[in-house]
Amino acid sequence: MQTKFIPINYDYFDYKGRNYAKIIGRNEKGKRICMIDSCPVYIWAILKENINQKQIEKITKKIEKIKLDLKGRQTKVEKVELHDKKFLSKKVKALKIYATNYKDLHDIASKLDFKEIEKRRGYDLGFTTHYIIEKKLKPLHWYTISGELLNNSEEFGGIDMNLDVDFCIKVEKIKTLEPDKIKYQPKILAYDIETDELQIGKGEILMISLVSDNFKKVITWKRNPTSDIRHLTSDFLEYVKDEAELIEKFIEYVKKVSPDFLVGYFSDGFDLPYLKARADIHKIKLSLGLDNTQPKFSRGVQLTGKINGITHIDLLKFIRTAYAQYMKSETLSLNEVAKEFLGDNKKEFKLKHSSKIKEHEWQKYYEYNLHDSILTYKLFEKFWPDLLEFTKTIEEPIFDTSRYGLSKYTESYILHNLEKFNEIPEKRPGHKEIGERKEIGSVKGAFVYEPTPGLYENIAMFDFTSMHTSIIISMNISKSTLLEKKEKGAYESPEIKEKNKKIKYYFSKEPGFFPNLLKEIFEKRKKFKTEYKKNPNPITLARSNAFKVLSASAHGYIAFFGARYYSHEASASILAFVRKFNQDIIEKTKKQGYKVIFGDTDSVAFTREKKSKKEVLKFLKKLNNELPGVMHLELEDFFKRGLWVTTRGGTAGAKKKYAMIDEEGKIKIRGFETVRRDWCKLSREIQSYVIKQILKDGNEKKALEYVKKIIKKLKQKEINKQDLIIKSQLKKPLSEYIATTPHVIAAKKMIEQKIPLSQGTLIEYYIAETKTKSKLVRDKVKLPEEKGEYELDYYLNRQILPAIENIFQVFGINIKETIEGKKQTTLGDF
DNA sequence: GTTAAGGCCATACC
DNA sequence: ACCGGTATGGCCTTAAC
């Protein structure tokens, strides 16, 4: 039979010693289909140089005889071919050694210890990745598949009989369909659980909400026994007898909706493992899989929950890697993320233990639970274009792309594109190699220019477009193009200090596959950005974003010790170029007669004095003409004013801290306390006001008046406590803290009061007046709900004044004296 | 007991 | 371990007096 098909969920199984890919997807009518397919399995043996034909024939014969009997599975070499390939951009002769089972390739590799063989590669990709590369059945692309329909067939041990799909097909032919011809509407089911404890399985699950297209449900067994059920019943609410029945009902609904995607928020680390743990306690099988199997959890750094045939998505992970760096939200909590992307307003509900929930609060709790699933559902819809485009770009199953970090994005893109360079993949570094890479230590980073504190007018700012990436492309830098010694015409890095020696690295003129691939990414990034500007919609934006992220992560990937194509030398060279190009631009700008104010990594800002914008742009053009390759400097913007301050208590200009106002009055604040979430709202707001007023007026007069007014309020204890809350994140488990900081104390108080808390929680507290004689801040910590007066001294001298004093210092004003008054007379003002 | 230096810790910039 | 280095600054801990 023949059908159209979009692959969504990839899995594989062994049958009679061979690997079979098992791919679940849909056809154009929305029917769920399972495809079963196989592909050649092989390992590359790269031969040493100068091995002659006779030697090759000799070892080929030996290799062909390799047979292994492992754990009851017999495996053997089926075929050996000689190929002309490339490895790390160098021409090599390599044997392609076919075997029966991908998992046995490691053992076959260990049998290939012939002296003629230099390296063994290409057996650590994982079967699914290998399969996608071999058969080009890429996730979320459309295909026409023809094959044999398996209908209650005995083949593959009757796999189709236990699988909840419409058809099961043994693939014979795969044909690519024109992209975007058929619209695929993903079937989504969002879920969220509420529990009494945050530790997995420790407390009971109180309720579960489920949201799909035209489907809303909250299942619960908890309510106050004295309350009248009629008042509590809603159209979405369904009562069950106990927690066991709750879990069974959940399974029932998942099966009934039968989604492509079961979507949660932090569900890898919480909801799914929690459900499994509670199901285990009740001896219930959490049979969510299409084959009725339970979710499988794998432990990387973080827990990951996989359901057979249904793609479990933890949206938090995807947002964290693909979006967090471009977001404004202070935390990645569902509420804040929803606020930023959906404009949804918070549903207020303070989580507490079920025993402390009052009668009338239950209905609110149910609604809160439902709302979380609604938000998760809407966020999935919102991010679907991004999930789609990232998956199509990286060519890994969406289950994986949605969980990958930046290095994996880059690496997957490379692995799926090696074939066009005829490259054999490099291996993953082992423990030993990672250790060695760490041992070498980090390389010197970018250059940051020390600004002179002050208020400046008429500022222009230039920055390099994708600086690191354009350096890699323009200077052909990579692990594979690094030369052992200087060659004629090679690219030469600036001088680098390594172990007290000054050295240079050289890179081949011969284009390497990595810089070449990056050039492709770089150009696609430009193309999709233009495409988006011409035709703005979620898909073009997502495509543009995918390539933006990919392009921006290239250098980080090379410098990451876990990367296949890691290179200390390449990373050091890239950064040496980064420093050099930035410093060169700064020098040239000074020479041109401009006053340089600041520069950080890839940017320079300067006052244009009396020169016109036109002259500045002419200068920019001149600078660009002197840049090599694809390197490009662009005008970030012209600014009306900008403010730079000293470091706290010092005289040096503070780096990475500035504020500018553009000609439309739009203000850009970097590094100041205003943008730091670990300062209280009051400090941030005062500072933000002061900065804005100064930038608008060009002087400090109004700002000073405002500050006096607020400080008066502060002294009269008229400030709302909410504005004095300090927030700080618990970055590791409480037990691992060496120093007992205020936020650690606050966290301990929360535990005492049974307020849910875990690693990653944003801890809130305020500093209160206490009887203690202790000078330690931590001894005055109180939780927001705790009764108490705020301590004036702390907020004045450690929050408000520090945030503004070096700003007023720019105008020669000592704000402490002005407020507290060395001259006591000024105190009378308050 | 006080103080300064150093370390831990969180957060931001690019 | 899950992209990197550079930088500010609060607060605690420790060593020295």
Side-chain angles (χ1 to χ4, degrees), chain A residues 300-302 304 317 320-321 324-326 330-331 403-411 428-429 431 434-435 437-438 441-451 463-464 466-469 549-563 565-566 568 570-572 574-575 578-579 582 598-603 636 645-650 652-658 668-679 683 726-732 736-745 762-763 767 773-781 794 797-799 802-803 806:
Chain A
V301 161
Q302 271 174 340
T304 294
K317 281 193 176 155
R320 188 181 281 152
T321 40
Q325 58 187 132
Y326 307 108
E330 279 176 10
T331 69
R403 286 169 174 80
Y404 278 173
L406 293 176
S407 71
K408 275 283 204 175
Y409 282 0
T410 309
E411 192 150 284
R428 261 199 316 255
H431 270 297
I434 288 179
R437 290 175 181 186
K438 282 188 185 167
S442 56
V443 296
K444 196 177 166 201
F447 169 74
V448 188
Y449 186 88
E450 189 188 303
D463 61 15
F464 283 96
S466 307
M467 193 187 204
H468 300 73
T469 302
V549 169
L550 214 49
S551 170
S553 331
H555 168 252
Y557 174 77
I558 291 176
F560 170 51
F561 46 76
Y565 294 98
Y566 163 90
H568 171 83
S571 170
I574 293 161
L575 287 164
V578 166
R579 290 190 295 273
N582 195 28
F598 114 114
D600 187 343
T601 311
D602 61 352
S603 63
E636 152 82 23
V645 298
T646 62
T647 55
R648 180 97 68 239
K655 297 170 178 181
K656 297 184 187 288
K657 250 180 135 170
Y658 62 90
K668 177 176 176 171
I669 300 179
R670 291 290 124 92
F672 275 108
E673 285 73 8
T674 299
V675 299
R676 295 182 61 96
R677 69 170 182 200
D678 55 352
W679 282 71
S683 322
I726 294 162
K727 298 176 188 179
S728 187
Q729 196 185 19
L730 215 56
K731 302 283 270 191
K732 48 188 179 184
E736 282 176 25
Y737 279 89
I738 299 164
T740 313
T741 55
H743 84 301
V744 166
I745 292 293
L762 195 63
I763 308 292
I767 302 306
K773 277 184 191 143
S774 166
K775 279 186 178 167
L776 294 176
V777 175
R778 64 161 176 239
D779 292 324
K780 301 170 192 172
V781 164
Y794 178 82
N797 293 313
R798 308 248 205 145
Q799 287 282 327
N806 41 16

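The sequence lines fix the lettering, A, B, ..., with proteins before strands; numbering per chain opens at 1. Please read these numbers as outputs of a predicted model, since none were measured by experiment.
- Straight-line distance from the CG atom of A:N806 to the C1' atom of C:dG9: 11 Å, rounded to whole Å.
- Looking at heavy-atom distances under 4.0 Å, A:H743 makes contact with sugar-phosphate atoms alone, never a base.
- Using a 3.5 Å distance cut-off with no hydrogens or angles, the side chains of A:H555 and A:S571 do pair a donor with an acceptor.
- For the 3.5 Å distance criterion, the side chains of A:R677 and A:Q729 qualify, holding a donor opposite an acceptor.
- One finds no side-chain N or O of A:Y449 lying less than 4.0 angstrom from the OP1 or OP2 phosphate oxygen of B:dC14.
- Side-chain nitrogen and oxygen atoms of A:R579 include none within less than 4.0 Å of the OP1 or OP2 phosphate oxygen of C:dG5.
- Among the atoms of the strands shown, only primed sugar atoms or phosphate atoms (P, OP1, OP2) are found under 4.0 Å from some heavy atom of A:G445.
- Contact annotation: A:K444 does not reach the phosphate of C:dG5 (side-chain N/O to OP1 or OP2, under 4.0 Å).
- Under 4.0 angstrom from either OP1 or OP2 of C:dC2 there lies no side-chain N or O belonging to A:Q302.
- The side chain of A:K655 places an N or O atom within less than 4.0 Å of a non-bridging phosphate oxygen (OP1 or OP2) of C:dA7.
- For A:Y658, no side-chain nitrogen or oxygen approaches OP1 or OP2 of C:dA7 to under 4.0 Å.
- One atom, CD1 of A:I763, and another, C1' of B:dT11, lie 16 Å apart when rounded to the nearest Å.
- With both ends at atom P, the span from B:dC9 to C:dC3 equals 22 Å, rounded to whole Å.
- The distance between atom CZ of A:R437 and atom C1' of C:dA1, rounded to the nearest whole Å, is 12 Å.
- Considering only side-chain N and O atoms, A:R677 lies under 4.0 angstrom from the phosphate OP1 or OP2 of B:dT11.
- OP1 or OP2 of C:dC3 sits under 4.0 Å from a side-chain N or O of A:S407.
- Residue A:S728 places none of its side-chain N or O atoms closer than 4.0 Å to OP1 or OP2 of B:dA10.
- Here A:K668 lies out of heavy-atom contact (under 4.0 Å) with every strand.
- OP1 or OP2 of C:dC12 has not a single side-chain nitrogen or oxygen of A:K775 nearer than 4.0 Å.
- The separation between A:Y326 atom OH and B:dC13 atom C1' is 14 Å, rounded to whole Å.
- At the phosphate of C:dC3, neither OP1 nor OP2 sits under 4.0 Å from any side-chain N or O atom of A:R320.
- Atom NZ in A:K657 sits about 12 Å away from atom C1' in C:dG10, given to the nearest Å.
- The separation between A:E450 atom CD and C:dA7 atom C1' is 12 Å, rounded to whole Å.
- An OP1 or OP2 oxygen of C:dT13 is reached within less than 4.0 angstrom by a side-chain nitrogen or oxygen of A:T740.
- Looking at heavy-atom distances under 4.0 Å, A:Y409 makes no contact with the nucleic acid at all.
- Using a 4.0 Å cut-off, some side-chain N or O of A:R648 falls inside it from OP1 or OP2 of C:dG10.
- A:F464 comes within 4.0 angstrom of no nucleic acid atom, judged by non-hydrogen atoms across all strands.
- Nucleotide C:dG10 holds its P atom 14 Å from the CZ atom of A:F672, rounded to whole Å.
- Checked for salt-bridge contact, A:E673 and A:K657 meet the test: a charged N lies under 4.0 Å from a carboxylate O.
- In summary, A:K656 and A:D600 engage in a salt bridge, as defined by a charged side-chain N under 4.0 Å from a carboxylate O.
- The residue A:Y737 sits close only to the backbone: its heavy atoms come under 4.0 Å of sugar-phosphate atoms, none of a base.
- Note that OG1 of A:T741 is 11.5 Å distant from CG of A:L776, once rounded to the nearest 0.5 Å.
- Atom NZ of A:K727 is surrounded by 12 or fewer heavy atoms from other residues, nucleotides or ligands within 6.0 Å.
- Phosphate proximity of C:dT8 to A:R676: absent, as no side-chain N or O sits under 4.0 Å from OP1 or OP2.
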